[in-house]
Structure formats: structure tokens, C-alpha cells
Undergrad: 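The structure's right below; bear with me while I get my questions together.
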Amino acid sequence: VNQLREGDFAAACKEDPDTLVYFLLNVGDGDTQLLLLPAGGDGARRAIVVDVATTKKLPALVKALADAEVLTRPRGGRPLFPLVVATHPHEDHVGGMPGFMDAYGDYIQELWEPGYYHPSARYVEMMRALEDLEIGHLQPTSGTTRFLGKVKVTVMGPGIGLRNRFDSYGVEVNDASISLKVEFPAARIAQEGENRRYLRLRDPWSIILGG
């Protein structure tokens with residue numbers, strides 16, 4: 001966040017609203033990631049959150065982006081965070097998730113988690129927060145896809161065969177992680193009347209987010 005302010009990176013994001021910006025926060029031994037989505041038709045920018053390892057850094061980044069009027073709530077009641085992902089229930093990935101959900105629950109549309117039960121305090125608190133909030137809840141497997149404007153999010157793992165084994169002995173929690181492929185701008189199908197055609201957009205950008 002200090003580098004963001006000193007380098008006026010928020011201003012750069014504001015000047016180029018059609019870009020997808022990836023933030024990887026330095027939280028030590030753990031993961032916290034935020035993807036700032038391109039502006040929608042109303043000019044508002046939303047964000048995807050993948051893991052919240054600690055309690056302070058992500059809220060500080062969100063506040064810095066909001067104060068700079070980069071991250072703005074869309075009109076019409078659309079959520080600020082259309083997707084929040086808890087890749088797996090280890091503390092270094094969900095340690096700050098309960099606090100984030102309590103603080104921003106009204107702005108979250110959907111939470112993805114792998115469905116692996118883990119008897120840790122933070123995991124239990126995350127699920128408690130989920131029960132308290134009116135947000136969607138999905139346990140995705142490979143092939144699950146979401147389009148958020150021109151951004152495509154595809155789940156690469158876990159596969160359904162592995163997910164079906166989570167309740168049995170022998171599946172290591174790290175192997176249960178949700179891994180994602182993010183593509184921008186995403187190829188898509190265009191329909192004109194009864195005709196459909198596949199649009200291959202120029203210069204696509206993609207990144208793999210492994211849990």
C-alpha cells in the first residue's frame with residue numbers, strides 16, 4: 001500500500017480504466033490477491049479477491065483504491081466484489097477472510113471455496129460469516145466458468161473426482177486447492193439473429209492463480 005501511494009499507482013489505474021490490474025500483496029507466508037476489473041458501462045470498477053491471509057493489508061488496499069475513486073460501487077446495487085475465492089482452508093490463505101467478510105459482506109456477491117472441511121478456527125469463522133451473510137456460495141470444480149464483463153474466470157482444479165474424496169481419508173488439504181485461470185479480454189460467442197460465431201479477440205492476457 002505504501003508503494004501504491006508513493007508511486008501514485010492508483011492515479012495510473014484511474015487514468016486507464018479499461019485495463020485489468022493484478023495485485024499480489026506481500027503478506028509473508030501466505031496469499032492475498034486482488035484483481036481490479038476493467039470499468040463497466042457505468043464507469044465503475046469492481047474487484048475479485050483470491051485468499052485473504054491477514055487482517056490488515058487487503059482492507060488497506062481496498063481503502064486506498066476507494067479513496068482514490070478507483071474502486072467504486074456500481075449503480076443499480078451490483079456488488080463491489082462479484083467473486084471472492086478461498087482457495088483452501090489453511091490459515092495462511094483464509095486467516096483474514098472472516099474479518100474481510102464481516103467488513104465487506106454487503107458488497108460481496110459470491111464466495112467460492114473447495115468444500116474441504118478443516119477444523120481450524122479461521123475456517124469455522126469463515127463459514128460462520130458465510131451463514132450470517134446473504135451471498136452466494138459455490139464449491140466449484142474444474143470447468144466452472146464465470147464471465148465478468150470481458151474477464152473470464154475458469155476453474156482448473158480440483159476435479160470432480162478429487163472433490164468427491166474430500167470427506168474420506170487421504171486427501172491433503174493443499175491438493176484440494178481451487179486453481180484459477182483468468183483471461184482478458186476473453187474470447188466469446190457473438191450471436192447475430194440466428195447466427196453464432198466465435199470471437200477470437202486480439203492480444204489476450206492470461207494468468208494462472210494456483211492455490
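Positions are given from 1 along the sequence. Note that the structure is predicted; figures quoted are calculated from it, not measured. Atoms considered below: every heavy atom in the structure, side chains included; atoms not considered: hydrogens, waters and symmetry mates.
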Undergrad: Please say yes or no: joined through hydrophobic side-chain contacts below 4.5 Å, possibly via intermediate residues, are Leu138 and Val50 part of one cluster?
TA: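 Cluster IDs for Leu138 and Val50 match.
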Undergrad: For the residue pair Thr32 / Asp51, report whether a side-chain donor-acceptor contact shorter than 3.5 Å exists.
TA: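 The answer is no; no qualifying pair exists.
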Undergrad: With heavy-atom distances below 4.5 Å as the criterion, would you say the side chains of Val62 and Leu34 are in contact?
TA: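 In contact.
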Undergrad: Could you tell me which non-hydrogen atom of Trp205 sits nearest to which non-hydrogen atom of Ile207, and how far apart they are?
TA: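 In this case the closest contact between Trp205 and Ile207 is CH2-CG2, 3.6 Å.
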Undergrad: Is there a path of hydrophobic side-chain contacts, each under 4.5 Å between heavy atoms of I, L, V, M, F, W or Y residues, that connects Leu209 with Val173?
TA: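 The answer is no; the residues belong to distinct hydrophobic clusters.
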Undergrad: For His137 and Glu113, does a side-chain donor sit closer than 3.5 Å to a side-chain acceptor?
TA: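 Their side chains do contain a donor-acceptor pair, which is all the 3.5 Å distance test asks for.
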Undergrad: For Leu111 versus Ala86, what's the shortest heavy-atom pair and its separation?
TA: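 Distance-wise, the nearest heavy atoms are CD1-N, 4.4 Å.
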Undergrad: Can you list the other members of the hydrophobic cluster that holds Met156, where links are side-chain heavy atoms under 4.5 angstrom apart?
TA: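 Cluster partners of Met156: Ile208.
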Undergrad: Indicate, with yes or no, if Tyr117 and Val171 share a hydrophobic cluster defined by side-chain heavy-atom contacts under 4.5 Å among Ile, Leu, Val, Met, Phe, Trp and Tyr.
TA: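 No; Tyr117 is not reachable from Val171 via cluster members.
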Undergrad: State, yes or no, whether a side-chain contact exists between Val85 and Val153 at a heavy-atom distance under 4.5 Å.
TA: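 Not in contact.
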Undergrad: Do Trp112 and Arg146 come close enough that some side-chain heavy atom pair is under 4.5 Å?
TA: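 They are in side-chain contact.
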Undergrad: Would you check if Leu36 and Leu20 make a side-chain contact, meaning some heavy-atom pair closer than 4.5 Å?
TA: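 In short, these two side chains do not touch, never coming nearer than 4.5 Å.
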Undergrad: Salt-bridge test for Glu131 and Arg128: reply yes if a basic N is under 4.0 Å from a carboxylate O, no otherwise.
TA: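 Salt bridge: no.
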Undergrad: Should we count CD of Glu134 as having more than 12 external heavy atoms under 6.0 Å?
TA: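 Incorrect, the count does not exceed 12.
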Undergrad: What I'd like to find out is whether the side chain of Ser179 reaches to under 4.5 Å of the side chain of Val155, using heavy atoms alone.
TA: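 With C-beta onward as the side chain, the pair stays apart.
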Undergrad: Taking side chain as C-beta onward, heavy atoms only, is Leu130 less than 4.5 Å from Ile135?
TA: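 Result yes, sub-4.5 Å side-chain heavy-atom pair found.
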Undergrad: Any idea which heavy atoms bring Ala121 and Glu91 closest together, and the distance?
TA: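 For Ala121 and Glu91, the tightest heavy-atom pair comes out as N-OE2, 4.0 Å.
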Undergrad: Give a yes or no on this: more than 12 heavy atoms of other residues, nucleotides or ligands lie within 6.0 Å of atom OH of Tyr22.
TA: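 Yes, the 6.0 Å shell around OH holds more than 12 heavy atoms from other groups.
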Undergrad: What are the two closest heavy atoms between Tyr116 and Ala176, and how far apart are they?
TA: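 Smallest interatomic distance, heavy atoms only, reads CD1-CB, 3.5 Å.
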Undergrad: Provide the closest heavy-atom pair for Lys181 versus Ser206 in the form atom of the first, atom of the second, distance.
TA: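 Of all heavy-atom pairs spanning Lys181 and Ser206, the closest is CE-CB, 4.1 Å.
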Undergrad: Quick one: does Leu37's side chain get under 4.5 Å of Arg45's, heavy atoms only?
TA: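 A side-chain contact under 4.5 Å is absent here.
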Undergrad: Can the ring centres of Phe81 and Tyr104 be said to be less than 6.0 Å apart?
TA: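 Close enough - the centres of the two rings lie under 6.0 Å apart.
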Undergrad: Ignoring hydrogens, what is the shortest heavy-atom contact between His88 and Val94? Give both atom names and the distance.
TA: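 Minimum heavy-atom contact is O-CG1, 3.5 Å.
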